[in-house]
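Per chain, numbering begins at 1; letters A, B, ... match sequence-line order.
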Number of protein chains: 4
Amino acid sequence: MAHPPTVPARKRNPRHTRDRLARAALELFTTRGYHETTTPLIATRAGVAEGTIYRHFASKDELLNEVYRAGVRLFVAALKESDARGGCRGRLEGVAKRWRDIAAREPALVRLVFSDAFTARVDERSRTTLRELRAELEKLVAAGKAAGEIRHGAAELHADLWLRLIELVLDRTARGTWKSDDPAIAQVIEAAWDAIGAPTGRTALSPGAPRVENAT
Amino acid sequence: MAHPPTVPARKRNPRHTRDRLARAALELFTTRGYHETTTPLIATRAGVAEGTIYRHFASKDELLNEVYRAGVRLFVAALKESDARGGCRGRLEGVAKRWRDIAAREPALVRLVFSDAFTARVDERSRTTLRELRAELEKLVAAGKAAGEIRHGAAELHADLWLRLIELVLDRTARGTWKSDDPAIAQVIEAAWDAIGAPTGRTALSPGAPRVENAT
Amino acid sequence: MAHPPTVPARKRNPRHTRDRLARAALELFTTRGYHETTTPLIATRAGVAEGTIYRHFASKDELLNEVYRAGVRLFVAALKESDARGGCRGRLEGVAKRWRDIAAREPALVRLVFSDAFTARVDERSRTTLRELRAELEKLVAAGKAAGEIRHGAAELHADLWLRLIELVLDRTARGTWKSDDPAIAQVIEAAWDAIGAPTGRTALSPGAPRVENAT
Amino acid sequence: MAHPPTVPARKRNPRHTRDRLARAALELFTTRGYHETTTPLIATRAGVAEGTIYRHFASKDELLNEVYRAGVRLFVAALKESDARGGCRGRLEGVAKRWRDIAAREPALVRLVFSDAFTARVDERSRTTLRELRAELEKLVAAGKAAGEIRHGAAELHADLWLRLIELVLDRTARGTWKSDDPAIAQVIEAAWDAIGAPTGRTALSPGAPRVENAT
DNA sequence: TATGAATGAGTTTTCATTCAT
DNA sequence: TATGAATGAAAACTCATTCAT
């Protein structure tokens with residue numbers, strides 16, 4: 001699935017080779033697992049010789065980490081792009097949708113970045129990069145909390161809860177189970193907010209009103 | 001030509017040895033991962049010779065699967081014990097607490113049963129056992145939905161959402177981050193309910209009506 | 001965690017290495033037996049590392065089979081070369097001599113191809129190749145039978161009988177007990193014919209006459 | 001095939017246990033090969049525990065050798081029983097028939113005693129026992145030669161030739177391909193004689209006459 | 001005498017990594 | 001920069017043998 005376009009042959013752009021290797025590795029790691037992905041397999045899928053891997057990556061492990069960090073950075077970037085205007089809820093929703101778009105475009109990335117299997121395998125530097133993702137999200141949630149939009153409790157915890165539910169959206173999108181406009185997506189995004197949002201409108205007797213506009 | 005053992009037999013223990021092996025394997029698999037857990041390592045931890053593993057388990061893979069299924073069964077049992085009386089919310093809360101107790105007692109089981117890394121590695125039979133867990137949970141949620149306690153949307157989705165958040169409790173408990181009486185636990189359990197409970201049901205006695213308009 | 005080779009690559013040789021492995025294996029299999037021939041032993045004899053075996057043969061078993069089939073093919077080729085002119089007796093004698101030459105050149109091949117130990121171990125494909133040898137020989141005998149040179153009875157049986165006696169020639173030649181010109185060879189070849197040739201044909205038209213004096 | 005009669009249980013006659021082990025081993029060695037026959041397998045087939053093997057035989061290797069020698073002795077006995085009266089031809093024929101009877105009764109013995117695989121595996125003592133078989137046969141042939149019945153050439157060679165052909169009878173009988181009265185048996189016995197007998201009767205113009213009655 | 005759990009050396013096989021070309 | 005044959009440590013697994021019971 002998703003083999004990069006086959007290039008005629010010979011005298012390849014070196015950058016190109018590196019990319020082909022990274023893509024092949026990403027695809028294989030996330031479908032077969034790290035150990036089940038052998039270096040001969042990566043090389044074959046990338047259309048290069050086994051030894052060529054080591055011209056571009058110090059080791060198989062380093063290859064995983066580079067692909068991993070690149071993946072995390074993509075999600076972080078989407079997170080940072082989040083429009084500073086708008087309430088916490090709106091911003092989170094925006095993030096969720098951007099992420100969902102990434103998941104639709106690069107399903108393998110979701111399996112790589114949001115899988116405990118890889119998070120556990122990855123080196124300290126990669127873990128730091130991942131922590132950045134978490135930190136950025138917590139910042140967003142903390143701001144919402146300061147604004148009274150988030151319920152009481154640690155911002156980190158709320159970030160965790162929200163993330164766990166949004167991961168469901170990413171997973172189903174990556175798997176192709178849910179298309180971009182599947183109503184379940186909005187449902188989960190709403191549920192994620194319900195799990196962390198301040199109970200204002202909900203405790204009152206007029207439950208849904210302010211949120212109707214939010215729907216979709 | 002042959003290879004007589006340098007050191008002969010040693011102990012005596014029928015079920016004991018098997019248990020030691022299972023425990024050692026569980027611990028190692030969940031802390032180091034499947035491939036990083038070598039058979040010599042398991043044997044050493046269990047205090048037996050490497051070959052002894054194979055008197056009790058057909059293969060390393062089978063060892064994983066047996067430990068895995070035993071773990072799943074424990075969670076399923078706790079789920080089935082759930083008091084049939086009481087509303088869906090109460091029953092889910094009961095399940096969450098029983099699971100948290102298991103997590104406190106056997107932290108490794110959480111890492112084994114609720115980790116995609118192992119769920120992906122495990123054989124068909126084990127997967128069937130896991131499906132039972134999911135089915136049981138969905139049954140509970142579906143009943144709640146029929147009673148109007150759960151918001152609209154597929155029961156499976158709600159089961160998923162709830163489970164994802166409760167997994168956070170299990171994870172933190174297994175890690176020892178949260179003790180049994182940590183207030184965060186109740187907070188997450190509440191958040192999990194907020195993510196799937198019918199909105200009105202929480203404020204009033206009349207459950208779902210006003211939220212119909214919310215749909216999509 | 002991984003296991004980088006302590007000592008790196010070494011030589012350069014495409015077909016050469018494969019041949020060395022095949023020869024070493026042939027020699028060892030036929031002198032020590034299949035199980036007594038370990039892969040480290042084969043590698044050492046071939047002057048390569050153990051892992052190198054698996055770059056050229058899928059498994060130890062496959063190595064045996066490839067060597068085996070190559071051996072059988074050599075004997076089949078000699079059989080097919082058999083001059084179509086001349087009576088059955090002459091042709092059989094020609095085959096026996098060609099085979100004896102092979103046995104002199106490659107003694108190990110005799111032990112490999114004409115040994116029930118290997119015939120039993122070998123895979124279906126190899127067995128088919130061996131059946132070709134038998135079929136070819138039977139064809140030759142059947143032709144002789146049609147020409148009235150072979151005594152009554154199934155051609156397959158006669159082929160079997162002849163082969164069993166010729167195997168003695170091959171075995172003694174392979175062992176070095178009999179040199180190429182040892183009179184025993186002609187004696188066995190004659191005996192083999194006597195065991196299957198039509199009784200009258202020998203008294204008639206000269207062929208047998210000079211041999212009368214040979215008696216005792 | 002041919003499992004010895006199942007004995008109820010408990011407190012077995014020790015001699016009996018030893019026999020059961022020997023029989024199980026014989027059967028397994030000859031059908032699966034030495035290495036493919038594991039000690040647990042032998043024990044299971046004999047209906048005893050693994051350790052029990054070592055109460056009766058020093059090692060697996062010793063077990064093989066004891067079974068082997070017992071087998072050889074059986075054939076030697078049949079050879080020695082050979083009626084001293086009668087010509088060499090008659091005596092050889094008698095031996096062949098006695099052996100054929102053994103082959104019919106104990107097919108596994110043929111595969112054990114007349115297989116190069118086992119002959120190569122067996123220890124020096126067993127080889128000596130086998131040499132006795134050969135020596136006895138050579139004695140018989142040498143006597144025939146002295147009487148002018150056997151053609152010129154070394155008696156050992158003639159013994160070898162005759163044996164090789166008779167092995168075919170034993171093999172086919174052991175396999176069940178030929179029943180005791182199969183005409184092929186007489187045919188092979190005749191062929192075996194033709195391969196070594198002095199060419200007297202055959203050079204004459206009256207080839208088959210006296211031998212017709214021999215046929216069966 | 002019989003048992004069978006335990007042993008560990010030894011087996012085949014894998015695979016990330018190197019380096020001469 | 002690219003190649004791919006070669007490497008060898010380490011993996012999972014086997015099995016003849018021992019000995020406490």
Side-chain angles (χ1 to χ4, degrees), chain A residues 10-14 17-18 35 37-43 48-56 58-61 63, chain B residues 1-18 35 37-43 48-61 63, chain C residues 1-18 35 37-43 48-61 63, chain D residues 10-14 17-18 35 37-43 48-56 58-61 63:
Chain A
R10 236 19 55 120
K11 268 308 185 203
R12 271 190 284 269
N13 180 332
T17 298
R18 190 190 156 93
H35 278 103
T37 299
T38 64
T39 45
L41 198 55
I42 297 172
V48 300
E50 222 180 325
T52 303
I53 294 172
Y54 296 87
R55 301 259 141 222
H56 297 277
S59 68
K60 184 187 167 185
D61 215 73
L63 170 51
Chain B
M1 204 155 277
H3 33 92
T6 312
V7 176
R10 196 65 51 93
K11 283 175 217 178
R12 207 60 15 182
N13 251 339
R15 184 126 295 250
H16 184 210
T17 300
R18 191 191 155 93
H35 278 105
T37 299
T38 64
T39 45
L41 200 54
I42 296 172
V48 299
E50 207 183 343
T52 303
I53 294 172
Y54 297 89
R55 291 211 130 247
H56 296 276
F57 302 93
S59 65
K60 184 185 165 188
D61 214 72
L63 170 50
Chain C
M1 206 156 276
H3 33 95
T6 310
V7 176
R10 197 64 51 93
K11 283 174 216 179
R12 206 61 14 180
N13 252 339
R15 184 127 295 248
H16 184 209
T17 300
R18 190 191 157 93
H35 278 106
T37 299
T38 63
T39 46
L41 200 54
I42 297 171
V48 299
E50 210 182 340
T52 303
I53 294 172
Y54 297 88
R55 291 211 129 249
H56 297 275
F57 302 94
S59 65
K60 185 186 165 187
D61 213 73
L63 170 51
Chain D
R10 240 12 62 118
K11 271 305 183 204
R12 272 188 286 268
N13 180 332
T17 298
R18 190 190 156 94
H35 278 104
T37 298
T38 64
T39 44
L41 199 54
I42 297 171
V48 300
E50 223 180 325
T52 303
I53 294 172
Y54 296 87
R55 301 259 140 220
H56 297 277
S59 66
K60 184 187 168 186
D61 215 72
L63 170 51

Q: Starting at atom OH of Tyr54(B), determine the distance to atom P of dA6(E), rounded to an integer number of angstrom.
A: 16 Å
(Q) Which nucleotide wins on minimum distance to the side chain of Val48(B), given the candidates dC13(F), dA16(F), dT7(E)? (A) dT7(E)
Q. Taking the side chain of Thr17(B) as its heavy atoms from C-beta onward, which of dA16(E), dA2(E), dA6(E) lies nearest to it?
A. dA6(E)
Q. Between Ile53(D) and Gly51(A), who's closer to the 5' end of DNA chain F by nearest nucleotide?
A. Gly51(A)
Q: Please figure out whether Ser59(C) or Glu50(D) has its closest DNA chain E nucleotide nearer the 5' end.
A: Glu50(D)
(Q) Tell me the interatomic distance from His16(C), atom NE2, to dG4(F), atom P, rounded to whole angstroms. (A) 21 Å
Q. Is there a side-chain polar atom (N or O) of His56(D) under 4.0 Å from OP1 or OP2 of dT1(E)?
A. no
Q. Can you give the dot-bracket line for DNA chain F, using ( ) for pairs inside the strand, [ ] for pairs that cross earlier ones, | for pairs with another strand and . for unpaired bases, where Watson-Crick and G-U count if both distances are under 3.5 Å?
A. .||||||||||||||||||||
(Q) Need one value for Thr39(D): base, sugar-phosphate or nothing, where a base atom within 4.0 Å counts as base even if backbone is also close, heavy atoms only. (A) base
**Q.** Ile42(D) CD1 - dG4(E) P separation (whole Å)
**A.** 17 Å
Q.
Output the rounded distance in Å from CG (Leu63(A)) to P (dC15(E)).
A. 16 Å
Q: Using atom CG of Leu41(C) as one end and atom P of dG10(E) as the other, report the distance to the nearest whole Å.
A: 14 Å
(Q) Quick check: do Ile42(D) and Leu63(D) have side-chain heavy atoms less than 4.5 Å from each other? (A) yes
**Q.** Residue closer to the 5' end of DNA chain E, Thr37(A) versus Thr38(C) (nearest nucleotide)
**A.** Thr38(C)
Q) Counting side-chain heavy atoms from CB outward, which of dT7(E), dA2(E), dA12(F) is closest to Pro40(B)? A) dA12(F)
Q. For Ala43(C), what residues pass the side chain to side chain contact (heavy atoms under 4.5 Å, CB included) criterion, not counting sequence neighbours?
A. Val48(C), Glu50(C), Ile53(C)
**Q.** Interatomic distance, Arg55(D) atom CZ to Thr52(D) atom OG1 [nearest 0.5 angstrom]
**A.** 7.5 Å
Q: Find the distance Arg55(B):CZ to dG4(E):C1' and express it as a whole number of Å.
A: 6 Å
Q. Please give, in whole Å, the distance from dA16(E) C1' to Asp61(A) CG?
A. 11 Å
Q.
Expressed as a whole number of angstroms, how long is the span from His35(A):NE2 to dT14(E):P?
A. 16 Å
Q | Nearest heavy atoms of Lys60(A) and His35(A), plus distance in Å | A | NZ-CA, 4.1 Å
Q: Please work out if Thr52(C) contacts a base, only the sugar-phosphate, or nothing of the nucleic acid, heavy-atom cut-off 4.0 Å.
A: base
